Every structure is written in structure tokens, then in C-alpha cells.
**Student:** 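Sending over a structure as C-alpha cells; questions will come in a sec.
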There are 2 protein chains.
Amino acid sequence: MKSIIEILKEHNIAPSMQRVKILEYLRNYKTHPTADMIYQALVDEMPTLSKTTVYNTLKTLTEKGILVALSLFENEERYEYNTDPHIHFKCTKCGKIYDISKTFECFKNEEIEGHKVLEHHINLKGICKSCLENAKG
Amino acid sequence: MKSIIEILKEHNIAPSMQRVKILEYLRNYKTHPTADMIYQALVDEMPTLSKTTVYNTLKTLTEKGILVALSLFENEERYEYNTDPHIHFKCTKCGKIYDISKTFECFKNEEIEGHKVLEHHINLKGICKSCLENAKG
DNA sequence: TCCTAATTTGTAACGATTACAAATTAGGAA
DNA sequence: TTCCTAATTTGTAATCGTTACAAATTAGGA
């Protein structure tokens, strides 16, 4: 696997300690964290880390296409490392967000009602497997 | 067409002037407005209207299923009158949101990877017809 | 008319995000 | 090495959308 430093260099982003740690976190943990969650996870290891740096870094990495920003039903931005195309499922009971590796070619580079479609975001909502099993008791 | 007052009564919501005007606005204008947009549109006609009332009303009507709250790519809630199933297209150039009356049965009451799907939100992003035509100029 | 509950209102608070300017850091030139 | 400059990081304050809350207003029934 490519190193985080390589990935940053390929996109002309200086691989500072903060940027490396933030991107590393997003590549390792597929939890779709918010900026604050990332900050909380890293501040122990980097006590001088600033929340502004987290926001700046997320913005930079998203602009370069390394990360994807998700608007998943709520008023806070979540981020994920941009890998294979997939969609999201959010459990209304436990709040967890799952990746679903099902793709939909139907929207790819298509024109719908005259509009040129460049991206599609599919968000599902319901009760997750784990909560369903707990309910059965 | 059913009157706004009838709709409210059917859902056991007292048809106060404020609630009627807010729901009426959303039924008449399919612009997916934010709470603030609705407030701005109505405050001339109802000078004592409070933004809190707009938020309260939107919350009530959404809980009763009369309205649908949309999380469309951005950190602000937008609302629409709940009619036929449709999906949304947002133009990245002019910011306008279009309704696309295409339905996707593939998600209806389905189980995906063990999760029970109850709702699906499909958000498309790209350049709208009007902006495409302007670009050709 | 009076009473009570529902509704509305305005203010203050909150949380996520951004603006901004100062402080720090890193890398190249002398 | 030291100096210089630009990039990066930091902390504070501001902003924006939203919510909490309590007082004021309204509406409908006794």
C-alpha cells in the first residue's frame, strides 16, 4: 500500500506531521468521523494540535479529492478516505454509519432531464443488522 | 385540492395563522427553502413572526410527515412539502435544487447486507440545464 | 367573563465552522 | 551554520444555523 507521505506528495501537499496523522487516521478508521472526532482522537498524541488545523487539512484534502465529505442526514460534515465507490446506510437506532459496497451505474455521466450529472450520493436509512438481532433478544 | 387547514386538522395540529402560512408557502413554492428563507418570505406579511416559530412549525410538520427535511450536501436543513417520491439534483454552479421525478424501486423495503432499509435519499450533483445553455452562450 | 392550555415570541445559549492574525516551522540560499 | 522567506499551524474571536427557555399572547371551553 502507498504510504501516506507518498499520497500527499503526489497531490502537491507538503506532508506535515499534522496532515499525515489526520489522513492516516481516516485511512485506518472507516468510521466517517467528524472534524471534532478526529481532533479528539489525535489531541492526546499531539497536544498542541489545533482544531483549525483539522478543519484546514480536511478542506485541503477534500479539494484535492483525497477525501470525500458526506452530508448524511445531519447538520455536521463527516469525512472518509476516498476508495471504491460505495453508498451509505445509517441506522436510526444506534446512529452507526455503514458502507455498502453496491454501485449504481445508472447515474454515471448521465443526463437527467437535461442536467449533467457528475456525482451521486445515495443515503439509506433504517435499522441495522446488529440492532435487528438485539431486538429479537 | 385539500385546504391547508384541512391538512393540519387531519394531523391533529391546530391551524394557527403562522402554521397555515408556513405550510402554504411550502406547498406553493417548490424551492426547498431553509427556515431562514421561509422567515424572510413571510415576515413582511406577518411582522411579529418569530424565527423560533418557523423552526417549531417545521419541526412539528416534519414529525407528522407533512414535510420532509433534506440534508442536501450542505450544513443547513431544507424543507419540502411531501408529495410524490422523487430525488434531488443540485447544480454546483448556480446552487439551485431541482426535483427529479424518477423513482427507484430497488430500495423499497429491502434488506441490504442484513440491514433493514426504511428510507432512501438520492442526491445528484452536477451542472443544470440552464447553466449548460448559458455556458454555450 | 374567566380560566387554562396551547401557541408564539424574543433573548440568550449552543455547537459546528470559519476568519484572521500572530507564532512557529521548514527548506533553501548565502 | 545562519539568515530569510514562505508555508503551516495555532488560538481567539466571530459567524451562522439552530435550540432552550421563560414570558407574553392567544384561543376555546366552562
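Note on naming: letters A, B, ... go to the chains in the order of the sequence lines (proteins, then strands), and numbering restarts at 1 for each one. Predicted, not measured: the structure shown is a model, and the values here were computed from it.
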**Student:** Students often get this wrong, so: under 4.0 angstrom with heavy atoms, is A/Thr48 touching a base, only sugar-phosphate, or nothing?
**Tutor:**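 Since only primed, P, OP1 and OP2 atoms lie under 4.0 Å of A/Thr48, the category is sugar-phosphate.
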**Student:** A/Ile13 CD1 to D/dA7 P: how many Å, rounded?
**Tutor:**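 To the nearest whole Å, that distance equals 15 Å.
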**Student:** Looking at the side chain of B/Ala14, which of D/dG11, C/dT8, C/dT7 is the nearest nucleotide?
**Tutor:**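 Of all the options, the side chain of B/Ala14 is nearest to C/dT7.
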**Student:** Taking only the side-chain heavy atoms of A/Thr53 (C-beta and beyond), determine which of C/dT8, D/dT9, D/dG11 contains the nearest atom.
**Tutor:**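 Output: D/dT9.
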**Student:** Measuring from the side chain of A/Ser16 (C-beta onward, heavy atoms only), which nucleotide among C/dT8, C/dT11, D/dT9 has the closest atom?
**Tutor:**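 The closest nucleotide is D/dT9.
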**Student:** Specify the residue among A/Ala35 and B/Thr57 whose closest nucleotide of DNA chain C lies further upstream toward the 5′ end.
**Tutor:**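 Per heavy-atom nearest nucleotide, the more 5' residue is B/Thr57.
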**Student:** Under 30°, 30 to 60°, or over 60°: which ring-plane class applies to B/His88 and B/His86, parallel, tilted or perpendicular?
**Tutor:**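 B/His88 vs B/His86 ring planes: perpendicular.
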**Student:** Using atom OH of A/Tyr55 as one end and atom P of C/dA16 as the other, report the distance to the nearest whole Å.
**Tutor:**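 It is 7 Å, rounded to the nearest whole Å.
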**Student:** What is the distance from CG of A/Leu58 to P of C/dA16, rounded to the nearest Å?
**Tutor:**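 Going from CG in A/Leu58 over to P in C/dA16 covers 14 Å.
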**Student:** A/Ile38 and A/Pro33: which non-hydrogen atoms are nearest, and at how many Å?
**Tutor:**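 It is CG1-CG, 3.7 Å.
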**Student:** Rounding to an integer number of Å, can you tell me how far A/Asn56 CG sits from D/dT9 P?
**Tutor:**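 It works out to 8 Å between those atoms.
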**Student:** Please determine, for C/dC14, whether a Watson-Crick or G-U wobble partner exists with both distances under 3.5 Å, and give it or none.
**Tutor:**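 Looking at the geometry, C/dC14 pairs with D/dG17.
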**Student:** Salt-bridge test for B/Lys51 and B/Asp36: reply yes if a basic N is under 4.0 Å from a carboxylate O, no otherwise.
**Tutor:**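 A salt bridge links B/Lys51 with B/Asp36.
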**Student:** Before accepting this row, confirm whether a basic side-chain N of the pair B/Glu111/A/Lys129 lies closer than 4.0 Å to the acidic partner's carboxylate O.
**Tutor:**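 Between A/Lys129 and B/Glu111 there is no salt bridge, as every charged N stays at least 4.0 Å from the carboxylate O atoms.
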**Student:** Could you tell me whether the phosphate oxygens of D/dT26, OP1 or OP2, come under 4.0 Å of any side-chain nitrogen or oxygen in B/Gln18?
**Tutor:**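 Answer is no, no contact under 4.0 Å.
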**Student:** What is the separation between atom CG on A/Leu8 and atom P on D/dA7, rounded to the nearest whole Å?
**Tutor:**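 Distance, rounded to whole Å: 17 Å.
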**Student:** Please give, in whole Å, the distance from C/dT7 C1' to B/Met46 CE?
**Tutor:**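 My rounded result for the distance is 12 Å.
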**Student:** Taking the nucleotide of DNA chain C with the closest heavy atom to each, which residue, A/Lys51 or B/Lys51, is nearer the 5' end?
**Tutor:**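 It is B/Lys51 whose nearest nucleotide is closer to the 5' end.
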**Student:** Partner of D/dA6 by Watson-Crick or G-U wobble geometry, both contacts under 3.5 Å, or none?
**Tutor:**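 Partner of D/dA6: C/dT25.
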**Student:** For A/Lys21 and D/dT9, what is the distance between atoms NZ and P respectively, to the nearest whole Å?
**Tutor:**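 Answer to the nearest Å: 14 Å.
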**Student:** Compute the ring centroids of A/His115 and B/Tyr98, then answer whether they are less than 6.0 Å apart.
**Tutor:**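 Yes.
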**Student:** For D/dA30, which nucleotide is its Watson-Crick or G-U wobble mate, given both distances must be under 3.5 Å?
**Tutor:**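 D/dA30 is paired, partner C/dT1.
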**Student:** Find the distance B/Arg19:CZ to C/dT9:C1' and express it as a whole number of Å.
**Tutor:**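 Rounding to the nearest Å, CZ of B/Arg19 and C1' of C/dT9 are 14 Å apart.
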**Student:** When we call it a touch if two heavy atoms are under 4.0 Å apart, what does B/Asp36 touch: a base, just sugar-phosphate, or nothing?
**Tutor:**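 No contact at all - B/Asp36 keeps every heavy atom at 4.0 Å or more from the nucleic acid.
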